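Comments concern the structure below.
Treat the numbers as computed from the prediction; the structure is a model and nothing was measured.
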Amino acid sequence: QRERIAGLRRELARTRDAARILELQRALEAAKRETELRLLRIQADHARQAGRLALAEQLEGAIAQMTAVPEAREPAARPAPSPDRLHD
């Protein structure tokens, strides 16, 4: 992961294209997030093996929060435009 992140940072430093910059920033964010998730999983496994079940459950809760799919929200209701405003 370190090599991947370093490579993305090098490419980001050389890139001038705005769309590619955004793509690289998102890739960096995803790589960092995956690294954090891996570390949490390792810590949870070690805590469980050591009998520290409360800590393991805490770590697994953090993993669940990080990997949960955001709830879909209903779009905000907006009033229809008045007929007077349609021709402005």
Side-chain angles (χ1 to χ4, degrees):
Q1 282 297 84
R2 285 184 191 153
E3 288 178 28
R4 180 173 178 229
I5 290 171
L8 289 168
R9 285 184 175 153
R10 283 190 300 273
E11 187 176 350
L12 182 61
R14 294 187 310 261
T15 302
R16 298 292 169 243
D17 178 57
R20 182 66 181 146
I21 288 171
L22 182 59
E23 186 179 307
L24 290 168
Q25 288 172 336
R26 287 182 177 158
L28 272 166
E29 184 179 318
K32 289 177 182 181
R33 179 179 155 86
E34 184 57 37
T35 299
E36 186 174 355
L37 283 168
R38 285 181 185 182
L39 289 172
L40 287 171
R41 288 181 180 119
I42 290 167
Q43 289 173 335
D45 288 343
H46 283 271
R48 194 165 291 288
Q49 289 172 5
R52 299 179 68 194
L53 302 181
L55 177 58
E57 288 176 12
Q58 263 187 324
L59 292 164
E60 289 163 353
I63 293 166
Q65 282 184 330
M66 288 180 69
T67 57
V69 176
E71 286 185 33
R73 292 186 278 160
E74 292 293 321
R78 295 184 182 183
S82 69
D84 300 337
R85 305 263 324 162
L86 291 178
H87 301 289
D88 284 346

Hey, could you give me the [atom1]/[atom2] distance between [X] and [Y], rounded to the nearest 0.5 Å?
X	Y	atom1	atom2	value
Glu11	Ile21	CD	CD1	10.5 Å
Thr35	Gln1	OG1	CD	4.0 Å
Leu24	Asp17	CG	CG	9.5 Å
Arg41	Asp45	CZ	CG	9.5 Å
Thr15	Arg10	OG1	CZ	12.0 Å
Met66	Glu34	CE	CD	9.0 Å

Give the cluster check for [X] versus [Y]: same hydrophobic cluster or not, with ILVMFWY residues linked at side-chain heavy-atom distances below 4.5 Å.
X	Y	result
Leu37	Leu55	yes
Ile5	Leu12	yes
Leu39	Ile63	no

Which heavy atom in [X] sits nearest to a heavy atom in [Y], and how many Å separate them?
X	Y	answer
Ala56	Ala44	CB-O, 3.7 Å
Leu40	Ala62	CD1-CB, 4.4 Å
Arg4	Ala31	NH1-CB, 3.5 Å
Ala47	Leu59	CB-CD1, 4.5 Å

Please check if the number of heavy atoms outside Arg26 that lie under 6.0 Å from its CZ is greater than 12.
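Incorrect, the count does not exceed 12.
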Can you establish whether the number of heavy atoms outside Arg20 located under 6.0 Å from its atom CZ is more than 12?
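More than 12 within 6.0 Å, yes.
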Where at least one partner belongs to residues 49-64, residue pairs that pass salt bridge (charged side-chain N to carboxylate O under 4.0 Å, His left out), sequence neighbours excluded:
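Residue pairs with at least one partner in residues 49-64: Arg48-Glu60.
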Does the distance from a Lys or Arg side-chain N to an Asp or Glu carboxylate O, for Glu29 and Arg33, drop under 4.0 Å?
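No salt bridge links Glu29 with Arg33.
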